[in-house]
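As a basis for the values below, the full set of heavy atoms in this structure was taken, side chains included, without hydrogen atoms, waters or symmetry mates.
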Amino acid sequence: MGCFVPAAEAHIPLRTRIFTRFGTSDDMEENASTFTVEMLELAFILDNLSSKSLILIDELGRGTSNEEGLAIAWSTCETLMHTKAYTCFATHFHGLRELSTMYANCRNFHLEASNTSANLLAFKYKLSNGPSDRSHGYGIQMAKVCGLPTETVRDAEQLKEAMLASQNMDPNIIVDTRNKNLNNKLLHHLMALGHANLDNDALRRRLHRLREQFIQD
């Protein structure tokens, strides 16, 4: 394409087609909501890609509830990994970090950020290996950076603390939710192993590690 490559050297395989899913906007002419547009574009990608495609997806599933959005993003990632199309998938769904522990052809990266003395985000513009450790607070800190009024940000912080406290009130709910999460995690791991095409010895080793991991959890 003639683009500048910011690297000392690079190995760039040939790709037959580039698919992208960016942005959030309604299609007023087609009477389609942001989420509908998102799903239509995703359907087109999944119907037309090949193993030689390059796919770039940003923030899939944010146009619906957190639970459904995460479920759609997760299943889409699994579908794309099975097609072997090279994919860059950017997301704020922290649950998707688990995919890299389940699939050998999935890796996590994050863009580094730190806090300034004024407790604001400072972006490093550096890609680092592994998932981000910022699972909470990023959104409110970003609101500060964008200039929301101090009172509005303070109210948001108080509401967040109140909501987190209300979720932790009943220990029975915590235990029940944790058990459900562990069951779902185990199911996803077993499904991933079913598609891993491992030989018997490798499969036994993976199952043994999985057993040890869940005993610790």
Side-chain angles (χ1 to χ4, degrees), residues 3-12 18-25 34-35 38 41-42 45 54-78 80-81 86-168 177-178 181 185 188 217:
C3 296
F4 172 69
V5 179
E9 60 178 304
H11 174 70
I12 305 176
I18 300 176
F19 294 95
T20 62
R21 160 82 283 274
F22 293 149
T24 54
S25 60
T34 297
F35 184 65
E38 189 177 38
E41 292 183 358
L42 177 62
I45 293 173
L54 171 62
I55 302 170
L56 310 175
I57 296 179
D58 180 53
E59 295 293 5
L60 185 69
R62 304 298 288 189
T64 184
S65 69
N66 285 337
E67 295 79 11
E68 288 188 343
L70 174 58
I72 292 171
W74 184 293
S75 60
T76 299
C77 285
E78 291 189 316
L80 291 170
M81 283 188 285
Y86 191 85
T87 304
C88 293
F89 194 107
T91 184
H92 279 88
F93 284 129
H94 294 283
L96 293 183
R97 295 180 295 184
E98 296 294 331
L99 286 167
S100 65
T101 67
M102 298 162 57
Y103 291 93
N105 59 337
C106 177
R107 292 185 64 186
N108 269 319
F109 297 91
H110 70 278
L111 289 168
E112 289 187 11
S114 63
N115 284 15
T116 66
S117 57
N119 199 28
L120 294 176
L121 285 175
F123 301 106
K124 302 298 185 181
Y125 303 101
K126 180 180 179 181
L127 189 69
S128 295
N129 192 36
S132 171
D133 59 359
R134 292 178 173 270
S135 58
H136 297 289
Y138 182 94
I140 292 179
Q141 286 186 310
M142 191 65 207
K144 291 180 182 179
V145 172
C146 292
L148 264 67
T150 303
E151 296 80 5
T152 304
V153 173
R154 185 174 61 247
D155 288 347
E157 290 174 333
Q158 293 174 352
L159 285 169
K160 183 193 76 172
E161 295 300 326
M163 287 186 285
L164 289 175
S166 66
Q167 292 173 2
N168 295 328
T177 301
R178 182 174 181 274
N181 290 338
K185 187 176 180 180
H188 283 133
D217 291 342

### pair Glu112-His110: side-chain heavy atoms closer than 4.5 Å
yes
### Query
Taking the side chain as C-beta and beyond, is there a heavy-atom pair between Glu157 and Lys144 under 4.5 Å?
yes
### Query
When rounded to the nearest 0.5 angstrom, what distance separates CG in Leu148 from CD1 in Ile140?
10.5 Å
### Summary
Correct closest heavy-atom pair for Thr64 and Gly69 would be CG2-N, 3.6 Å
### Query
Counting only N and O atoms by type, is there a donor-acceptor contact under 3.5 Å from the side chain of Arg97 to the main-chain atoms of Ser132?
yes
### Check: Phe35 and Ile72 side chains under 4.5 Å, non-hydrogen atoms
yes
### Task
Quick one: pull up CG in Leu80 and CD1 in Ile55 and give me the separation to the nearest 0.5 Å.
5.0 Å
### Query
So how far is it from Thr76 OG1 to Leu60 CG, rounded to the nearest 0.5 Å?
5.0 Å
### OH/Tyr86: more than 12 non-hydrogen atoms of other groups inside 6.0 Å
no
### Query
Between atom CG of Asp58 and atom NE2 of His92, what is the distance when rounded to the nearest 0.5 Å?
9.0 Å
### Query
Is Arg62 close enough and on-axis enough to Phe93, meaning under 6.0 Å and within 45°, for cation-pi?
yes
### Query
Between Phe109 and Asn129, is any pair of side-chain heavy atoms under 4.5 Å apart?
yes
### Query
Yes or no on side chain to side chain contact (heavy atoms under 4.5 Å, CB included) for Lys126 and Leu111, after CA distance, side-chain angles and deciding distance?
CA-CA 5 Å; Lys126 180 180 179 181; Leu111 289 168; over 6 Å; no
### Query
Less than 4.5 Å apart, any side-chain heavy atom of Leu96 and any of Trp74?
yes
### Query
So how far is it from Asn105 CG to Met81 CE, rounded to the nearest 0.5 Å?
6.0 Å
### Query
Got a second to check how far Thr20's OG1 is from Ile18's CD1, nearest 0.5 Å?
8.5 Å
### Query
Hey, does Leu56 have a side-chain heavy atom less than 4.5 Å from the side chain of Phe22?
yes
